[in-house]
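In what follows, a single structure is set out as structure tokens and then discussed.
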Amino acid sequence: MVKAVVGANWGDEGKGKITDMMAANADIIVRFQGGANAGHTIVNNYGKFALHTLPSGVFYGHTTSIIGNGVALNIPILINEINSIVEKGVPAPKILVSDRAQIVMPYHILFDQYEEERLGKASFGSTKSGIAPFYSDKYAKIGYQVQELFDEDLLKEKVVRTCDQKNVLLEHLYHKPLLTPEELLDTLHEYRDMIAPYVCDTSAFLWNALKENKTILLEGQLGTLKDPDHGIYPMVTSSSTLAPYGCIGAGIPAQELKQVVTVCKAYSSAVGAGAFVSEIFGDEADELRRRGGDGGEFGATTGRPRRMGWFDCVASKYGCRMQGTTDVAFTVVDVLGYLDEIPVCVGYEIDGEVTTDFPVTSKLEKAKPVLKTLPGWKCDIRGIKKYEDLPENCRTYIEFIEKEIGFPITMISNGPSRDDIIYR
Ligand code: GDP
């Protein structure tokens with residue numbers, strides 16, 4: 001059986017915590033898209049970790065962690081991450097890397113920086129991890145698949161072609177130092193030696209696991225609104241963040257996906273540029289940012305302050321719909337305990353008309369939030385284990401949002417740890 005944990009919004013919904021928790025009952029956890037540009041923060045008995053490439057299941061002895069074919073694989077970052085968790089006392093995880101995954105090359109990272117520099121004020125707010133240049137090359141069919149590292153004749157010839165192609169842009173568009181085939185080949189040899197112990201046909205491995213009735217967890221990165229097709233294009237990421245894509249990015253049959261847990265945060269946050277209708281500013285935002293998440297709403301990879309906003313029912317209803325949600329996990333509810341009243345965005349006003357349907361980007365830019373204010377519960381709800389024991393105003397908040405988004409909230413997260421969870 002295959003389950004997915006994905007985000008409804010702009011990312012940072014707390015997917016890492018939910019995956020880590022659900023991994024207790026899973027055999028295999030798969031990363032299926034994205035790269036080391038975003039991170040998951042996980043708090044468990046070994047400490048606090050920010051993972052960028054490893055799936056959130058690496059802390060359990062019983063799980064296999066897979067880097068699927070859909071991932072933008074940064075080999076040195078992966079190896080550093082494995083070493084860093086082992087150094088902190090976590091038992092060496094079982095990790096498999098798809099022989100069809102493609103490799104983030106050092107020049108992808110450079111091109112990402114150079115392009116943001118060139119765009120200046122019009123930049124995308126990229127994390128400069130090379131993800132957009134990487135996926136561009138993948139679909140332009142000039143990327144490097146992991147399996148190619150083991151074909152020396154192919155590599156020798158391909159590095160020349162790569163340098164010819166990239167150097168045109170380096171010289172004439174960016175005015176930066178050129179690449180040489182020798183240097184590139186050396187890098188690829190280093191990558192080959194680093195990754196060799198982990199490489200296999202992961203889709204065959206997963207197929208066999210399915211035949212043995214194993215439980216597979218697909219771990220998404222970012223959220224619906226960052227999907228290149230269904231998100232706030234062009235302020236999106238470069239690979240699909242949707243659960244159905246998990247089947248492609250892992251290499252498993254789509255009909256095996258039985259449960260889609262979409263993670264929604266009790267308020268909103270976003271990183272990077274782009275329309276954010278329920279955004280708040282000033283002291284109100286600072287306070288929520290400071291109290292948010294586990295130690296404040298700052299990027300796990302970049303440390304940048306996140307943009308803050310009230311819960312957005314319009315974006316979340318759409319976000320859940322596009323994921324094919326079976327369950328909503330509603331997170332960081334504990335953070336809102338300080339507020340007397342909690343505004344919620346229940347509609348968008350666009351050109352004088354109110355809608356609850358999430359619009360295309362050009363209309364989104366014009367949208368103004370329609371807010372409804374709900375009473376706060378003014379207490380700390382951490383440690384509560386039963387839904388009935390939550391304060392009435394807290395249950396009212398949850399049930400109001402459930403009705404607005406139209407998908408069942410079956411899990412409520414009231415703290416950062418694995419067992420801060422209320423099942424409903
Ligand atoms: P992800 O990328 O979706 O995994 O999300 P992040 O890791 O960026 O952000 C989630 C942050 O909130 C992390 O610091 C988590 O430890 C923390 N967190 C997750 N769930 C809860 C919760 O229910 N309450 C609180 N206070 N923090 C939470």
Side-chain angles (χ1 to χ4, degrees), residues 4-23 29 31 33-59 127 217-226 237 241 243 261-272 287-308 311 316 319 323 328-339 379-385 387 390 394 397-398 409 411-424:
V5 178
V6 289
N9 305 111
W10 300 264
D12 308 317
E13 297 93 348
K15 296 175 295 293
K17 179 234 159 112
I18 301 295
T19 309
D20 181 57
M21 190 190 90
M22 287 178 63
I29 296 99
R31 281 280 318 265
Q33 48 87 223
N37 51 332
H40 292 308
T41 314
I42 294 161
V43 183
N44 58 31
N45 43 337
Y46 295 104
K48 183 172 177 176
F49 298 87
L51 298 183
H52 307 290
T53 296
L54 286 174
S56 303
V58 288
F59 300 101
T127 59
L217 207 55
L218 303 175
E219 177 177 22
Q221 187 207 37
L222 297 168
T224 302
L225 306 178
K226 293 284 183 180
T237 194
T241 55
V261 176
T262 303
V263 186
C264 268
K265 193 143 91 163
Y267 52 88
S268 301
S269 74
V271 286
E287 174 143 44
L288 184 55
R289 183 180 303 112
R290 190 166 50 74
R291 293 174 176 268
D294 179 34
E297 290 284 356
F298 300 91
T301 305
T302 57
R304 332 183 247 195
R306 291 175 181 154
R307 298 165 67 195
M308 307 302 298
F311 187 84
S316 303
Q323 293 289 7
V328 174
F330 198 53
T331 61
V332 294
V333 185
D334 52 305
V335 165
L336 298 180
Y338 72 99
L339 290 158
C379 67
D380 186 2
I381 60 161
R382 281 208 194 175
I384 293 177
K385 299 284 174 210
Y387 187 68
L390 287 172
C394 182
Y397 185 78
I398 294 165
I409 297 177
M411 289 169 235
I412 294 139
S413 173
N414 58 339
S417 327
R418 250 177 215 173
D419 40 45
D420 294 325
I421 195 82
I422 299 169
Y423 292 98
R424 208 167 148 235

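Remember, it's 1-based here, ligands and their atoms both numbered in the order they're listed.
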Would you please classify the geometry between the Phe330 ring and the Phe311 ring as parallel, tilted or perpendicular, with 30° and 60° separating the classes? perpendicular
Looking at Lys17 and Asp294, is there a salt bridge between them, counting it only when a charged N and a carboxylate O are closer than 4.0 Å? no
Please state which part of Arg382 comes within less than 4.0 Å of ligand 1, counting heavy atoms only: side chain, backbone, both or neither. side chain
Could you walk me through whether Ile421 and Ile18 pass side-chain contact (heavy atoms from CB on, under 4.5 Å), step by step? CA-CA 9 Å; Ile421 195 82; Ile18 301 295; 4.1 Å; yes
Atom 17 (C) of ligand 1: which of Asp420, Val6, Asp294, Ile421 has the nearest heavy atom? Asp294
Considering Asp334, Val5, Val332 one by one, which has a heavy atom nearer to atom 26 (N) of ligand 1 than any of the others? Asp334
May I ask you to list the atoms of ligand 1 that are less than 4.0 angstrom from any heavy atom of Val335? 26 (N)
Nearest non-hydrogen contact with atom 12 (O) of ligand 1 belongs to which option: Gly16, Gly293, Ser417, Ser56? Gly293
Going by ring pair (Phe, Tyr, Trp, His ring centres under 6.0 Å), name the residues that satisfy it together with Tyr267, two or more places apart in sequence or in a different chain. none
Hey, does Val335 have a side-chain heavy atom less than 4.5 Å from the side chain of Leu288? yes
Heavy atoms only: which of Arg306, Lys15, Glu13 is nearest to atom 8 (O) of ligand 1? Arg306
Could you tell me whether the side chains of Thr262 and Gln323 share a donor-acceptor contact shorter than 3.5 Å? no
Close N or O approach (Gly11, ligand 1; < 3.5 Å): no
Atoms in ligand 1 flagged as close to Ser413, the criterion being non-hydrogen separation under 4.0 Å: 20 (N), 21 (C), 22 (C), 23 (O)
